[in-house]
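One structure is given below, encoded as structure tokens.
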Amino acid sequence: MKNQIFKLKKYNNYQEIPNQYKWDLDDILNGKTIDQLINEYFSLFDELILIKDSKYETIQNYISYLNINKSFLILKNKIINYFSNLININIVDSKVLKQNDDFELKEQEYQIKLGSEINRIYKNKDFLKKWLNDSRLKDVKKDLEFIIQNFDHKLDDNVEKYLNETYIGDPSLEDIFSTLTNSEIDFGYAISKDNKKYKITESSRVLLLKNKDEKIRKTTYYGYLNGFYNLRETLTKLLYQHLKRISIESSIRKYESSINSLISSDKIEIAFLTNLFSSVTNKTNKIFKNFLKYKSIFFKKKFNKKMELWDSYLELVNVKNNYTIEEIQKIVIDATSIMPYEYNDKIIEAINNRWIDYVECPNKMSGAYSIGSSHGINKKYILMNYDGSINSIKTLIHELGHSLHSYYSDKNQSIFRSEYTLFLAEIASIFNELLLTDYLFLHAKNDEEKFYILSESINDFIGTVIKQCEWANFEFDLYNLIDSNNTFNSYFEIEKVYVNNSNKYLLSNKINKIGNKANIYSVSVPHFYYDFYVYKYAIGYIIANVFYNRYLQNGKYELENYINNFLSAGDKDYPANILKSCGIDIYDQKIFDEAFNVIENKINEYIKLGKRIFKIK
């Protein structure tokens, strides 16, 4: 099917957008003003400061404190979500920014008055140990036990007090990195065959890489890399100092290693990471080289040229890739209709009752998200930037996966146990994407549409499992080297580590070498500043595939298991235990076998369809 003529309506400002395409943030306020919520919040904060020591005198006092804290945390959820959502639809709204800054500044002052809760828990640990098995403390038992078990990593009371009171003044290398790479970097211009210039930006890059003019694609590819490469030594210094700070703090707090300190909150073992990396590298080398081989063959047949590095965004088939908002809503509702209980009803409610802010406009935040810290908020809000393409369908169903995870967690867990960890966060969104892939494949009108759908799914697996594991493995190696007192004072030194690691994750037989401009990703990935977490994308994708594969094998029972034992679990236990209750053992090789069997079947079908489409024997 040829691309249809489709014009995306542009809006000059947020006020022009019809209400049905905007979220309803007034629902957070529930008839009150934001100032009233803030006053209530600080009134409760005063109460918490007043009882900060006396709450440990008796268990009745502690239970009273928990009751106040529940109301306090719900108010905080409402305030931070109201402000962040309001700012993200107009990031230059000076009035809202001022209100938010005033709130944050006042909260920092109150946090200093409250002081270090870790110190108070340590001081009263003997009382807490006696109370832990009281059923009235079941919702906070996990947190208290973790703190008590980790007192070996606590510093002197005065040091902890100093850190608590001065953290606001700590330099943020992440913020410096963000400013440098978002505001001050220059990617130059893409140049066409007739020497026209097109400015390369983060937002224009993908469109330029899809251009039919090869010179535009090539100059875009290298222009983007060169933008970062020209800053390589500065970016190296920033990343090294960020990792070194974590390494030193981990050592001072008596962790075995930086990695141990970073995975301790999830109670994940190093053995899990090493098994994840080895399983992904082994299976990648066996499965994906065949995919890339045939993709290159199909590309040459389609374009009569060899596929180059700058050609990866060119589509091999032409399919419908333009949808109205109403069309994507209907597809998402239909794709999730197989889900049991009220799952699909909540999807419909989210669409009809304005949980979602769809439309791109000037000064709106780019990208997409579903809110966190949502307990006490009726609508699990979603921000996106609809562009009319199939990616908008994927974005909506992906973010609704997060929102439904939050809905079930908030419904079934207290506020203390409802906020699921990042280790589990991507499973529900990827599960929804798998629902969409199967729905679109089932309703495809021809081989070209099926081929396109499979191609997207395979590329998602590469980007989320293989690439994220590659980057996590690189971080893992860097932390261990820094812990062993290795220094990285130049880009060349850090590039060597990156190249050595990347060659374990090759999709082709072409070896990566020092000097490859794409190695600049070693110092330009923003996620490296988020304290070692990109492997969670990979394991989330793998586990979502396991859940979905078991549904295909066993039917509705597995969907009920998924909702009852996973989506509804929140943070009631550590990630490995929650998944084990669903029948998934993250330390068992079987989960990698299951997930890679699914993607291998997709690759085989992709090759079969491609041979038919491009008439290859």
Side-chain angles (χ1 to χ4, degrees), residues 2-8 10 180-232 235 291-322 360 366 385 387-391 448 451-452 455-456 458-459 462-463 467 491 495 499 502 506-525 610 613-614 616:
K2 297 288 183 184
N3 284 347
Q4 300 173 4
I5 296 172
F6 180 81
K7 189 172 182 181
L8 194 66
K10 297 289 185 183
L180 190 63
T181 56
N182 287 317
S183 301
E184 299 181 4
I185 198 165
D186 184 7
F187 300 120
Y189 292 87
I191 311 295
S192 68
K193 287 178 181 176
D194 54 2
N195 289 321
K196 289 183 180 177
K197 288 184 175 183
Y198 303 89
K199 184 64 181 170
I200 305 167
T201 66
E202 286 286 0
S203 59
S204 71
R205 180 177 70 99
V206 172
L207 286 175
L208 290 169
L209 286 170
K210 289 182 176 182
N211 197 287
K212 291 180 180 180
D213 185 332
E214 182 169 11
K215 189 174 180 182
I216 287 178
R217 298 197 305 276
K218 185 175 181 178
T219 52
T220 299
Y221 177 82
Y222 282 111
Y224 183 75
L225 294 179
N226 283 330
F228 292 107
Y229 193 79
N230 293 336
L231 302 172
R232 62 192 178 280
L235 295 176
F291 166 70
L292 199 62
K293 170 190 167 184
Y294 275 98
K295 183 178 180 182
S296 299
I297 291 170
F298 301 152
F299 185 92
K300 188 169 185 180
K301 190 71 184 284
K302 168 83 173 182
F303 297 105
N304 196 31
K305 68 179 283 295
K306 178 186 174 185
M307 186 170 69
E308 303 287 358
L309 294 169
W310 46 87
D311 292 329
S312 61
Y313 283 90
L314 280 181
E315 300 294 357
L316 292 175
V317 291
N318 294 321
V319 300
K320 171 172 176 166
N321 201 11
N322 39 65
E360 183 182 9
S366 62
N385 282 270
D387 65 3
S389 75
I390 197 170
N391 284 326
E448 285 77 7
F451 181 86
Y452 177 84
S455 175
E456 288 287 292
I458 294 165
N459 286 327
I462 291 170
K467 181 53 69 175
Y491 171 72
E495 184 187 18
V499 167
S502 68
L506 294 175
L507 299 179
S508 70
N509 293 319
K510 187 176 180 181
I511 301 297
N512 190 17
K513 295 179 181 178
I514 297 291
N516 179 358
K517 284 287 179 71
N519 294 334
I520 194 61
Y521 286 111
S522 62
V523 293
S524 64
V525 176
I613 292 166
F614 299 104
I616 293 169

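Count residues from 1 along the sequence. Hydrogens, waters and symmetry mates are skipped; everything else that's a heavy atom, side chains included, is used. Everything numeric in this text was worked out from a predicted model, so none of it was measured.
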*asked:* With rounding to the nearest 0.5 angstrom, report the NZ to OG distance, Lys320 to Ser389.
replied: 12.0 Å
*Has Lys300 got more than 12 heavy atoms of other residues, nucleotides or ligands less than 6.0 Å from its NZ?*
no
*Side-chain touch Thr219/Tyr189, heavy atoms, less than 4.5 angstrom*: no
*Side chains of Ile613 and Phe298: does their closest heavy-atom pair fall under 4.5 Å?*
no
*Any idea which heavy atoms bring Ile514 and Glu495 closest together, and the distance?*
CG2-OE1, 3.6 Å
*Answer whether the closest heavy-atom distance between the side chains of Tyr452 and Asn318 falls below 4.5 Å.*
no
*Take the angle between the ring planes of Phe228 and Tyr224 and call it parallel below 30°, perpendicular above 60°, tilted in between.*
perpendicular
*With rounding to the nearest 0.5 Å, note down the distance linking NZ in Lys193 to NZ in Lys212.*
11.5 Å
_Other residues, nucleotides, ligands: >12 heavy atoms within 6.0 Å of Tyr229 OH_ = yes
*Heavy-atom distance under 4.5 Å between the side chains of Asn391 and Glu456, does that happen here?*
yes
*asked:* Heavy-atom count check: over 12 atoms from other residues, nucleotides or ligands less than 6.0 Å from Asn182 CG?
replied: yes
*Salt bridge present between Glu214 and Lys305 (N-O < 4.0 angstrom)*: yes
*Any donor and acceptor pair, going by atom type alone, linking the side chain of Asp311 with main-chain N or O of Arg217 inside 3.5 Å?*
no
*Indicate the ring-plane relationship of Phe614 and Phe451, choosing parallel, tilted or perpendicular according to the 30° and 60° boundaries.*
perpendicular
*salt bridge (charged side-chain N to carboxylate O under 4.0 Å, His left out) with Arg205: which residues, sequence neighbours excluded?*
none
*Any side-chain heavy atom of Phe299 within less than 4.5 Å of one from Leu314?*
yes
*asked:* Once side chain to side chain contact (heavy atoms under 4.5 Å, CB included) is applied, do any residues pair with Asp194, and if so which ones, sequence neighbours excluded?
replied: Ser192, Lys196
_Would you say that Lys199 contacts Leu208 through its side chain, given a criterion of any heavy-atom pair below 4.5 Å between the two side chains?_
no
*asked:* Quick test of your reading of the model: are Lys218 and Asp213 salt-bridged, counting only N-O distances below 4.0 Å?
replied: no
_Rounded distance [0.5 Å steps], CG in Asn226 versus CD1 in Ile200_ = 9.0 Å
*Rounded to the nearest 0.5 Å, what's the gap from CG on Asp186 to OG1 on Thr201? Could you check?*
11.0 Å
*In Å and rounded to the nearest 0.5 Å, what is the NZ to CG distance from Lys510 to Leu292?*
11.0 Å
*Atom OG1 in Thr181, atom CD in Glu202: separation rounded to 0.5 Å?*
7.5 Å
*For Ser524 and Ile520, work out which heavy atoms get closest and say how close.*
OG-O, 3.1 Å
_Looking at Asn321 and Ile390, would you say the former's side chain and the latter's main chain have a donor-acceptor pair under 3.5 Å?_
yes
*asked:* Determine whether Lys295 and Asn459 satisfy the following criterion, side-chain contact (heavy atoms from CB on, under 4.5 Å), listing intermediate values before the conclusion.
replied: CA-CA 11 Å; Lys295 183 178 180 182; Asn459 286 327; 4.2 Å; yes
